[in-house]
There are 2 protein chains.
Amino acid sequence: MDYYLENTKVFKALGDPKRAMIVDMLSCGELCACMILEKFEMSQSTLSHHMKILCECGIVKAREEGKWTYYTLDDDTISKTKQFFCAITSNKENCICKENSNCCKGCNENE
Amino acid sequence: MDYYLENTKVFKALGDPKRAMIVDMLSCGELCACMILEKFEMSQSTLSHHMKILCECGIVKAREEGKWTYYTLDDDTISKTKQFFCAITSNKENCICKENSNCCKGCNENE
DNA sequence: GCGCCAAATCGAAAAATGTCAATGTGAAAT
DNA sequence: ATTTCACATTGACATTTTTCGATTTGGCGC
């Protein structure tokens with residue numbers, strides 16, 4: 001399903017500790033790439049790659065100004081992702097077990 | 001940092017659309033492996049592998065009963081992960097830009 | 001124009017991941 | 001005890017991801 005694929009891209013991006021740290025930094029406000037690079041032991045091309053992944057899933061936006069690129073968090077994607085996380089983890093009523101597929105003991109409980 | 005590594009494991013697990021779907025299913029209540037397997041086009045060994053990843057990051061708990069294994073979501077891990085997500089995305093005051101590293105235009109704004 | 005700087009892109013190598021068929025394990029039924 | 005069933009583990013393979021050095025691109029200062 002597209003619904004899952006789209007939303008899990010953000011989780012995939014945040015699944016890397018360094019990218020989560022970058023997001024954490026950006027939560028304080030806009031930063032340029034060079035500033036982020038200073039805080040990590042990684043090559044410039046590697047950071048550029050991580051930033052691309054963060055931008056592609058929508059959680060980070062890039063703004064170019066002269067020779068610099070500034071990054072910020074995207075509030076809209078963040079709230080959508082929060083909502084998705086809540087949606088897939090909060091209790092719902094449409095349990096597939098009600099279909100009684102008879103594959104295990106629990107399937108017949110609600111007869 | 002361990003703080004990031006620990007929490008991003010959950011995101012990594014949820015970064016796969018099929019695993020996110022499984023979590024969505026489990027939000028309706030406990031399910032046995034066979035029931036989950038019915039809903040996907042994947043081999044039994046592949047499902048077992050996905051369930052292991054979901055269990056290892058803590059978001060899913062396994063309960064064995066006879067020859068069946070029942071899975072449930074772990075509320076504690078879910079709330080911790082929500083908290084982590086909020087922590088790294090909500091505005092904070094300790095911006096590293098205040099250090100004035102002079103690497104770009106924005107670094108000198110607050111002098 | 002020329003060279004310098006910030007950042008993106010390319011190409012390649014190493015590591016991790018997703019998937020399956022085959023096999024192992026432990027419980028239940030006969 | 002033997003078979004069957006649910007699930008885990010293993011080994012193998014293809015794909016994806018991570019990372020780097022080298023190169024390219026585009027802006028800025030001289």
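Order of the sequence lines fixes the chain letters, A, B, ..., with proteins taken first and strands second; residue numbering starts at 1 for each chain.
The distance from the CG atom of B:Leu54 to the CG atom of B:Asp74 is 12.0 Å, given to the nearest 0.5 Å. Taken from SG in B:Cys34 to NZ in B:Lys67, the straight-line distance is 10.0 Å, to the nearest 0.5 Å. With values rounded to the nearest 0.5 angstrom, B:Glu6 atom CD is found 9.5 Å from B:Thr77 atom OG1. In this structure, B:Leu47 CG and B:Met42 CE are separated by 6.0 Å, a value rounded to the nearest 0.5 Å. To the nearest 0.5 Å, atoms CZ (B:Phe11) and CD1 (B:Ile59) are separated by 9.5 Å. If you take CD on A:Glu30 and OG1 on A:Thr72, they are separated by 5.5 Å, rounding to the nearest 0.5 Å.
For A:His50, the side chain to side chain donor-acceptor pair (under 3.5 Å) partners two or more places apart in sequence, or in a different chain, are A:Arg19.
Judged as a salt bridge (charged side-chain N to carboxylate O under 4.0 Å, His left out), not a single pair has a partner in residues 45-56 of chain B (not counting sequence neighbours).
Residue contacts for A:Tyr70: at a heavy-atom cut-off of 4.0 Å it reaches no nucleic acid atom on any strand shown.
The heavy-atom pair separating B:Thr8 from A:Ala20 by the smallest distance is CG2-CB, 3.5 Å.
Hydrophobic cluster membership of B:Tyr70, counting Ile, Leu, Val, Met, Phe, Trp and Tyr whose side-chain heavy atoms lie under 4.5 Å apart directly or via other members: B:Trp68.
Five base pairs at each end of the helix from C:dG1-D:dC30 to C:dT30-D:dA1 define two local axes, and these are offset by 20° (rounded to 10°).
Between chain A and DNA chain D, the heavy-atom contact criterion of under 4.0 Å yields a 5' to 3' nucleotide range of D:dA6 to D:dC28.
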What does the B/S/- profile of nucleotides 17-29 of chain C look like, 5' to 3', with a 4.0 Å heavy-atom cutoff to protein? SSBBBB----SS-
